[in-house]
Amino acid sequence: KKATALIRTAAESSKLILLPEMSFTGFSMRPELTGTFCEETFQHMQALASELKVFLGFGYTRLLPDGKGENHYAILSEKGILQDYVKIHPFSCSGEDLVFARGTSASACNMEGLNIGIQICYDLRFGNTFSALAGTCDVVIVPANWPNARSEHWKTLLRARAIENQCYILGINCVSTGDYRTENNGLFYSGDSMAINPNGDILSALSEKEGILTVDIPADTEKYRQAFPVLRDWRTIPEP
């Protein structure tokens, strides 16, 4: 109910509304539980997108027949699914790869003239996947459950990905205290959601509190790339 109320409020001034990774359950290593909400979540979000005539981005878990999960992030229009991405890099340091199947490909969609790609949380540490999107994307969305203990990594990597790929980066992180911290082994999530332009400038940011971060994203990515044409010098280097 709280998330729905925030979406309705955001829809008054925004065309695209984005929520963090695993938006309605929080990050969990138990896909057999969180995966049960998959169809219900989709139906509810599709109804909201159609009613409010907005684009909605949200994360969810899909349970696979073998018992593993898939960590998804979807963007819906009022007519249906624009994009549904599966996280490519499960966080093996915590055993996430044992519970969640890996995605196999990057993806992008077009939203009213803006080409949008998605990477989820730990994907942020792997620049090659962002480079794969850079040729076609104006914006890359990074929904996350990124803990405060590594918040400087989060903020630094978001800006680095924007600069090196000359695109807008939208980092959407959860913020939480209380019971949610206990369920996640004492982790605290400070948010630090932010919008960054292709020059690496932070356009807007929100830390340590729940809220709605609003930003205008112009269709000017090509302007940055033409003014400073770094990407034309990009090369694939074989391993030594």
Side-chain angles (χ1 to χ4, degrees), residues 14-25 27 31 34-35 38-39 41-43 45-46 48-50 54-64 68-92 96-97 99-146 154 157-158 160-162 164-173 193 195-196 198 217 219 221-222 225 231 234 236:
S14 301
K15 190 64 177 176
L16 171 63
I17 301 167
L18 302 170
L19 302 176
E21 177 187 18
M22 295 192 189
S23 306
F24 303 106
T25 62
F27 187 83
T34 56
C38 176
E39 297 307 320
T41 297
F42 250 92
Q43 291 173 11
M45 294 298 277
Q46 186 61 71
L48 277 177
S50 300
V54 295
F55 297 90
L56 291 179
F58 62 97
Y60 70 97
T61 300
R62 185 178 296 280
L63 184 63
L64 300 176
K68 278 193 171 185
E70 285 181 332
N71 187 344
H72 283 251
Y73 197 86
I75 297 178
L76 302 183
S77 74
E78 58 181 295
K79 296 179 180 179
I81 300 171
L82 279 183
Q83 186 176 180
D84 192 1
Y85 167 74
V86 180
K87 186 177 181 181
I88 292 175
H89 301 97
F91 186 43
S92 62
E96 186 181 343
D97 59 321
V99 180
F100 288 93
R102 300 176 184 274
T104 57
S105 62
S107 62
C109 68
N110 185 280
M111 194 202 82
E112 297 188 347
L114 284 178
N115 291 317
I116 299 176
I118 301 171
Q119 295 284 275
I120 298 175
C121 201
Y122 189 52
D123 286 335
L124 180 60
R125 292 187 178 273
F126 301 91
N128 59 320
T129 53
F130 283 79
S131 296
L133 292 167
T136 57
C137 290
D138 305 292
V139 180
V140 179
I141 298 165
V142 188
N145 275 215
W146 194 288
W154 164 256
L157 288 168
L158 287 173
R161 298 292 170 249
E164 67 189 4
N165 296 295
Q166 296 182 301
C167 66
Y168 287 90
I169 298 289
L170 306 180
I172 309 103
N173 195 26
S193 295
I196 304 165
I217 304 295
T221 305
E222 195 57 33
R225 292 174 175 174
L231 294 181
W234 186 83
T236 300

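Along the sequence shown, the residues carry numbers beginning at 1. Note that the structure is a prediction, hence the values are computed from the model and not measured.
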Of all heavy-atom pairs between [X] and [Y], which one has the smallest distance, and what is that distance?
| X | Y | answer |
| --- | --- | --- |
| N110 | N115 | ND2-OD1, 2.9 Å |
| V142 | L124 | CG1-CB, 4.3 Å |
| P31 | V99 | CD-CG1, 3.2 Å |
| S107 | Y85 | OG-CB, 3.8 Å |
| R62 | E39 | NH1-OE2, 3.6 Å |
| F55 | S77 | CE2-CB, 3.6 Å |

Step-by-step ring-ring contact (aromatic ring centres under 6.0 Å, His included) determination, F126 to Y122: CA-CA 8 Å; F126 301 91; Y122 189 52; 5.2 Å; yes

Could you check if a side-chain atom of [X] sits within less than 4.5 angstrom of a side-chain atom of [Y], using non-hydrogen atoms only?
| X | Y | answer |
| --- | --- | --- |
| E112 | K15 | yes |
| K87 | C121 | yes |
| V86 | Y73 | no |
| L76 | L48 | no |
| I75 | I141 | yes |
| C109 | I118 | no |

Determine yes or no for a side-chain-to-main-chain donor-acceptor pair under 3.5 angstrom, with [X] supplying the side chain and [Y] the backbone.
| X | Y | value |
| --- | --- | --- |
| Q83 | I116 | yes |
| T221 | C167 | no |
| D97 | P90 | no |
| N145 | F27 | yes |

Between Y168 and V140, does the side chain to side chain contact (heavy atoms under 4.5 Å, CB included) criterion hold? Intermediate values first, please. CA-CA 6 Å; Y168 287 90; V140 179; over 6 Å; no

Stepwise, does the side chain to side chain contact (heavy atoms under 4.5 Å, CB included) test hold for L170 with I217? CA-CA 10 Å; L170 306 180; I217 304 295; 4.0 Å; yes

Kindly compute the distance separating [atom1] ([X]) from [atom2] ([Y]), expressed to the nearest 0.5 Å.
| X | Y | atom1 | atom2 | answer |
| --- | --- | --- | --- | --- |
| L19 | Y60 | CG | OH | 14.0 Å |
| L231 | N165 | CG | CG | 6.5 Å |
| I196 | L158 | CD1 | CG | 4.5 Å |
| E21 | W146 | CD | CH2 | 10.5 Å |
| T129 | I120 | OG1 | CD1 | 11.0 Å |
| Q166 | E222 | CD | CD | 9.0 Å |

Is any NZ, NE, NH1 or NH2 atom of the basic residue among E70 and R102 found under 4.0 Å from an Asp or Glu carboxylate oxygen of the other? no

Taking it one step at a time, do F58 and F42 satisfy ring-ring contact (aromatic ring centres under 6.0 Å, His included)? CA-CA 9 Å; F58 62 97; F42 250 92; 5.4 Å; yes

Out of the candidates T41, N71, T61, only one should pair with T34 under the side chain to side chain donor-acceptor pair (under 3.5 Å) rule; please name it. T61

